Amino acid sequence: MDGVVSASADATGDEIVYVYIWDMDETLILLKSLLDGSYAGAFDGLKDHDKSIEIGKRWENLILELCDEHFFYEEIENYNEPFLTAVKEYDDGKDLTTYDFEADCFSSPYDDLNKRKLAYRHRAIGEKYTKGLEKILDHHMIKVWNDLYSATDKYTDGWLSSAHKLLEEAKGKSTAEPTGKRSSINCVVTSGSLIPSLAKCLLYRLDDVVAFENVYSSWEVGKLQCFKWIKERYDGPNVRFCAIGDGHEECSAAQIMKWPFVKIEFHPDAPHRFPGLNLSTIHRLMDAVYDSASKDG
């Protein structure tokens, strides 16, 4: 696919490569259900409805502030691409250290010249993502961010931290499950537009377990297309894919790809939610699907 550097998994011998494709909203993070109160509603009065909405609005404001002040969002929101390297071919590698983004007149038409200017912005965003928010935000905003994350994690009984822990385990950063002969990759495919999705990855502390190259926006192309790109990028004889999300679109796309799918629900009695979902459960499902496919030829 155009704009993505090939990173095909080199599974050697009996090594299995696991590729996890995560939805973001209402899966790795909670936002919509906090904003509309449906998360609190699922707990039959045990959760403060007004607090849920207040937390959601604080997240919404923080996401927009990061996008506008640091990720050029007001300039590029109408030029959504499905991944950050989509226009990399237009990037001539110019040193951006002293580049004046405010004076380069990025605008319509969306021709090769302006695609180069967009590619510069995408490269700058990728560099900021890699450095992390501690290098971007001032001390006051870091405290605001940390306090909000902690308050949200407490309100949701550890949803954010347990999701992050699972992605750490998926990456092999934890000893919770023996890795054996395997390697793994986390991808995020979200229906949101790309730049706010990257901002969410940073604000919800997912940047250490999901590389910016592995964040895909299905906003315009659909999740099935994103799944096909991921398969093209990582496919190999010993590669196993699994999609994890809360929505019908990713479930349908996974069925078409013949991948196992784990449905996430925030209801307290749901079988797959955070805290609760673990890597062993995901792997049992993956093994069942792939072993069955192997037997069927």
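Only heavy atoms go into these numbers, but all of them, side chains included; no hydrogens, no water, no symmetry mates. Source: prediction; values computed, not measured.
- Under the 4.5 Å side-chain criterion, counting only non-hydrogen atoms from C-beta, Glu213 is not in contact with Phe83.
- For the pair Lys128 and Phe72, the distance from NZ or CZ to the six-membered ring centre is under 6.0 Å and the angle to the ring normal is within 45 degrees.
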Subject >> Step-by-step side-chain hydrogen bond (donor to acceptor under 3.5 Å, both in side chains) determination, Asn214 to Tyr20 >> reply: CA-CA 11 Å; Asn214 290 344; Tyr20 309 98; over 6 Å; no
Subject >> Candidate pair Ile142 and Leu133, rule side-chain contact (heavy atoms from CB on, under 4.5 Å), full reasoning >> reply: CA-CA 8 Å; Ile142 288 174; Leu133 285 185; 6.0 Å; no
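- A cation-pi arrangement is present between Arg205 and Tyr149, with the terminal nitrogen or guanidinium carbon under 6.0 Å from the aromatic centre and inside a 45° cone about the axis.
- Taking 4.0 Å as the cut-off between side-chain N and carboxylate O, Arg284 and Asp291 do not count as a salt-bridged pair.
- Donor-acceptor pairing under 3.5 Å is lacking for the side chains of Tyr79 and Ser193.
- Figure legend: Lys51 and Tyr155 shown without cation-pi pairing, the cationic atom not lying both under 6.0 angstrom from the six-membered ring centre and within 45 degrees of its axis.
- Ring centroid separation for the pair Phe43 and His267 does not come in under the 6.0 Å cut-off.
- Relative to the six-membered ring of Tyr90, Arg116 misses at least one condition, a distance below 6.0 Å or an angle of at most 45° to the axis.
- Taken from NE2 in His164 to CZ in Phe274, the straight-line distance is 12.0 Å, to the nearest 0.5 Å.
- No side-chain donor from either of Ser150 and Asp147 sits under 3.5 Å from a side-chain acceptor of the other.
- Nearest approach of Thr156 to Pro275, heavy atoms of both residues: O-CD, 4.5 Å.
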Original post:
Which is it for Tyr99 and Asp104 under the side-chain hydrogen bond (donor to acceptor under 3.5 Å, both in side chains) test, yes or no, and what are the steps along the way?
Top reply: CA-CA 9 Å; Tyr99 185 79; Asp104 71 352; 2.6 Å; yes
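- With a 4.5 Å cut-off on side-chain heavy atoms, Leu30 and Asp25 do not count as touching.
- Expressed to the nearest 0.5 Å, how far OH of Tyr216 lies from SG of Cys226 amounts to 8.0 Å.
- Comment: Lys117 does not engage Asp91 in a salt bridge, judged by the lack of any side-chain N to carboxylate O separation of less than 4.0 angstrom.
- In this structure, Arg240 forms no cation-pi arrangement with Trp259, as its terminal cationic atom is not both closer than 6.0 Å to the ring centre and no more than 45° off the ring axis.
- In this structure a side-chain-to-backbone donor-acceptor pair under 3.5 Å is present from Asn80 to Leu194.
- The closest donor-acceptor contact from the side chain of Arg121 to the backbone of Phe101 lies under 3.5 Å.
- At least one cation-pi condition fails for Lys200 and Tyr204: the charged atom is not both under 6.0 angstrom from the six-membered ring centre and inside a 45 degree cone around its axis.
- Scanning both residues, Lys223 and Ser191, for their nearest heavy atoms gives CE-N, 3.9 Å.
- Contact record, Trp159 with Asp153: N-OD1, 3.5 Å, taken as the closest heavy-atom pair.
- The backbone N or O of Val17 lies less than 3.5 Å from no partner atom in the side chain of Ser183, so there is not a single donor-acceptor pair.
- Residues Val262 and Ile282 approach most closely at CG2-CG1, 4.4 Å, considering heavy atoms.
- Under the 3.5 Å distance criterion, the side-chain polar atoms of Asp246 are left unmatched by any main-chain donor or acceptor of Glu265.
- Salt bridge present: Lys32 and Asp36 bring a charged side-chain N and a carboxylate O closer than 4.0 Å.
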